[in-house]
Amino acid sequence: MTEVGRPADMVRTFAQKALARASGQKALAVGEIVDARPDIALSHDNTAAIAEIWRQFGQKRVAIPERMAVTLDHAVPAPTVRHAQNHVEVRAFVAEQGIGHFFEVGRGICHQVLSEEAVVLPGDLILGSDSHTPHFGWLGAFGAGVGRSEMAVLWATGELWLRVPESIRIRLEGALGEWVTTKDVALTLIGDLGADGALYRSVEFEGPAIASLSLDSRAALVNMMAEMGAKNAYMPPDEDVFRYLAERLLTRPGRCPGRGAEPCETPGEVAVRLRRRALYPDAGAAYAAEHLLDLSSVKPQVARPHQVDDTVDVAELESVRVDQAFIGTCTNGRLEDLGAVHRVMAGRRTARGTRMVIVPASSEVWNEALARGWVADLAASGAVFGTPGCGPCMGNHLGVLAPGEVCISSANRNFQGRMGDRGATIYLASPAVVAASAVAGRIVHPREVVE
């Protein structure tokens with residue numbers, strides 16, 4: 001069935017609309033290959049390695065400096081001489097090329113920072129040399145990860161060919177229960193559909209439950225779709241998203257949508273312009289698969305080593321000891337996540353033999369947690385804090401695991417060797433479950449700790 005008055009060939013998914021806009025086309029069919037011009041090309045500590053590839057093209061200047069964003073976040077501050085040298089090379093490249101958006105050590109994780117800085121807007125195409133670039137779907141943008149060679153080509157030409165993906169529609173109904181988060185929703189979906197359940201597909205969320213989700217929790221859910229193989233993920237932007245972006249754009253001259261270098265004057269004006277930019281799928285658009293999830297049926301989940309889709313209810317793992325509890329990453333290092341940890345741990349301490357490492361996703365999150373007194377409280381509970389950034393998520397920075405150690409983490413991946421030695425094991429869970437497990441010294445449901 002198609003929308004009344006709209007021909008079948010004009011009914012399109014979000015992915016079709018976003019790539020049509022980015023390629024200057026009126027309409028695109030699923031499977032069509034187009035040359036797309038992204039609004040933002042994102043790279044991070046890997047910028048220096050990409051630059052080596054780009055220089056082989058013989059160019060002296062990148063084609064799109066004003067549309068590039070670079071963040072130092074994966075190993076910050078530099079833990080080794082090798083990392084320090086890499087950072088030196090990244091800074092030199094940024095200065096040489098006049099990159100429009102550069103964020104230094106300590107500002108935070110690229111996906112969180114670009115959201116906070118309102119660099120990415122609804123309807124944008126953002127291509128990033130990081131696999132979790134689908135994160136920006138919470139803003140109503142098309143975000144996709146690309147390889148280093150592809151990013152080098154993008155720097156050289158300003159465009160990159162993309163195939164218009166098939167789309168999966170996931171309808172969310174109901175409401176989350178006590179101690180249930182969108183991390184649990186993500187793990188439920190990945191467990192049900194598999195780690196390749198959305199391979200090179202656009203995951204498009206819809207349904208009445210979205211309006212009840214906080215912005216932080218929306219970002220966590222969309223971010224985790226990378227673990228299901230998604231090319232991109234998307235949530236329809238609403239007034240909460242427009243308001244969030246409007247407040248930030250007003251403090252950043254020259255970032256008013258549709259006005260070039262002129263600043264916006266009022267929040268209302270910004271919101272109107274953002275609504276005009278936003279893209280929404282048409283009613284009756286064709287989807288490769290459709291799923292319905294009642295959020296009230298979701299329970300706290302844990303992904304067992306060494307696969308993200310090996311998920312079970314937390315109650316099935318309550319005898320598993322924990323050496324390290326880790327809170328952070330682009331998935332669950334935001335203010336709401338730290339708030340959940342504070343709720344569980346305030347007035348309590350980590351268990352003997354268990355340590356907790358917390359790495360806020362950005363300096364903004366860190367500063368707000370400080371202002372609220374959460375940092376002092378959590379430090380008194382035994383937690384230690386790292387510089388805003390990715391932390392030990394990928395095993396190349398402080399907080400790595402020794403052979404035989406067990407970690408419960410709020411991160412997005414639990415592959416063997418991901419956070420250190422291949423003999424260590426990683427369980428994935430929500431921040432509340434991670435915090436409760438730190439207090440108990442074993443994996444537990446938060447209600448076991450918080451009466």
Side-chain angles (χ1 to χ4, degrees), residues 112 132 135 138 172 174-192 209 212-228 293 295-305 308-318 320 322 324-346 348 350 354 356-361 365 369 374 378 383 391 393 406-414 419 426-440 442-450:
Q112 178 71 14
H132 288 97
H135 177 97
W138 81 272
L172 302 178
L176 297 172
E178 179 74 1
W179 297 116
V180 181
T181 71
T182 54
K183 179 62 164 290
D184 302 302
V185 174
L187 291 176
T188 297
L189 288 169
I190 297 169
D192 289 346
S212 67
L213 299 177
S214 68
L215 299 187
D216 279 0
S217 65
R218 296 183 201 185
L221 176 53
V222 172
N223 176 283
M224 280 293 291
M225 292 302 96
E227 306 312 318
M228 206 160 69
L293 181 63
L295 299 188
S296 64
S297 69
V298 178
K299 299 178 180 179
Q301 298 289 296
V302 178
R304 296 181 290 198
V308 181
D309 56 0
D310 183 6
T311 59
V312 295
D313 289 356
V314 65
E316 295 187 31
L317 297 173
E318 292 196 340
V320 177
V322 171
Q324 176 168 296
F326 172 52
I327 296 291
T329 80
C330 56
T331 302
N332 280 130
R334 282 172 285 282
L335 190 66
E336 181 176 274
D337 304 316
L338 269 59
V341 174
H342 182 263
R343 179 186 173 192
V344 172
M345 297 193 71
R348 303 175 179 88
T350 56
T354 301
M356 167 165 273
V357 177
I358 301 177
V359 180
V365 172
W374 294 352
L378 290 170
C393 174
V406 176
C407 178
I408 185 164
S409 167
S410 72
N412 39 56
R413 289 179 179 160
N414 61 346
M419 291 181 65
I426 307 165
Y427 294 80
L428 302 180
S430 72
V433 171
V434 173
S437 302
V439 172
R442 57 187 176 86
I443 297 177
V444 296
H445 192 293
R447 66 180 172 225
E448 298 296 318
V449 172
V450 182

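Below, all heavy atoms of this structure are taken into account, side chains as well, without hydrogens, waters or symmetry copies.
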If you look only at pairs with a residue in [range], which of them pass as a salt bridge (charged side-chain N to carboxylate O under 4.0 Å, His left out), with sequence neighbours excluded?
| range | value |
| --- | --- |
| residues 324-335 | none |
| residues 216-227 | R218-D238, R218-D240, E227-R413 |
| residues 177-191 | E178-R343 |

Measure the [atom1]-[atom2] distance between [X] and [Y] for me, rounded to the nearest 0.5 Å.
| X | Y | atom1 | atom2 | answer |
| --- | --- | --- | --- | --- |
| D192 | M228 | CG | CE | 9.5 Å |
| L189 | M224 | CG | CE | 10.0 Å |
| C393 | M419 | SG | CE | 7.0 Å |
| D337 | T181 | CG | OG1 | 8.0 Å |
| H445 | D313 | NE2 | CG | 9.0 Å |

Exercise for review: Apply side-chain contact (heavy atoms from CB on, under 4.5 Å) to the pair L215 and W138, showing each step before the final yes or no.
Suggested key: CA-CA 8 Å; L215 299 187; W138 81 272; 3.7 Å; yes
Check: [Y] and [X] side chains under 4.5 Å, non-hydrogen atoms:
| X | Y | answer |
| --- | --- | --- |
| P305 | I426 | no |
| N412 | V308 | no |
| L172 | L221 | yes |
| C407 | V322 | no |
| V433 | Q301 | no |
| L293 | L295 | yes |
| I190 | T311 | no |
| L176 | V185 | yes |

For residues [X] and [Y], report the shortest heavy-atom separation together with the two atoms involved.
| X | Y | value |
| --- | --- | --- |
| G333 | L338 | O-CD1, 4.0 Å |
| V434 | A325 | CG1-CB, 3.7 Å |
| W179 | A432 | CE3-CB, 3.8 Å |
| A303 | N414 | O-ND2, 3.6 Å |
| H135 | A219 | CE1-CB, 3.8 Å |
| I358 | A383 | CD1-CB, 3.7 Å |

Check your understanding: Counting only N and O atoms by type, is there a donor-acceptor contact under 3.5 Å from the side chain of T331 to the main-chain atoms of A220?
Key -> no
Practice item. Without swapping roles, check the side chain of S296 against the backbone of A175 for a donor-acceptor pair under 3.5 Å. Key: no
Practice item. I would like to know whether V314 and K299 meet side-chain contact (heavy atoms from CB on, under 4.5 Å); could you show each step before the answer? Key: CA-CA 8 Å; V314 65; K299 299 178 180 179; over 6 Å; no
Review point. Can you check side-chain contact (heavy atoms from CB on, under 4.5 Å) on E448 and V439, steps first, answer last?
Key: CA-CA 10 Å; E448 298 296 318; V439 172; over 6 Å; no
For [X], which residues count as a side-chain hydrogen bond (donor to acceptor under 3.5 Å, both in side chains) partner, sequence neighbours excluded?
| X | answer |
| --- | --- |
| Q324 | R355 |
| S214 | S217, E336 |
| S409 | none |

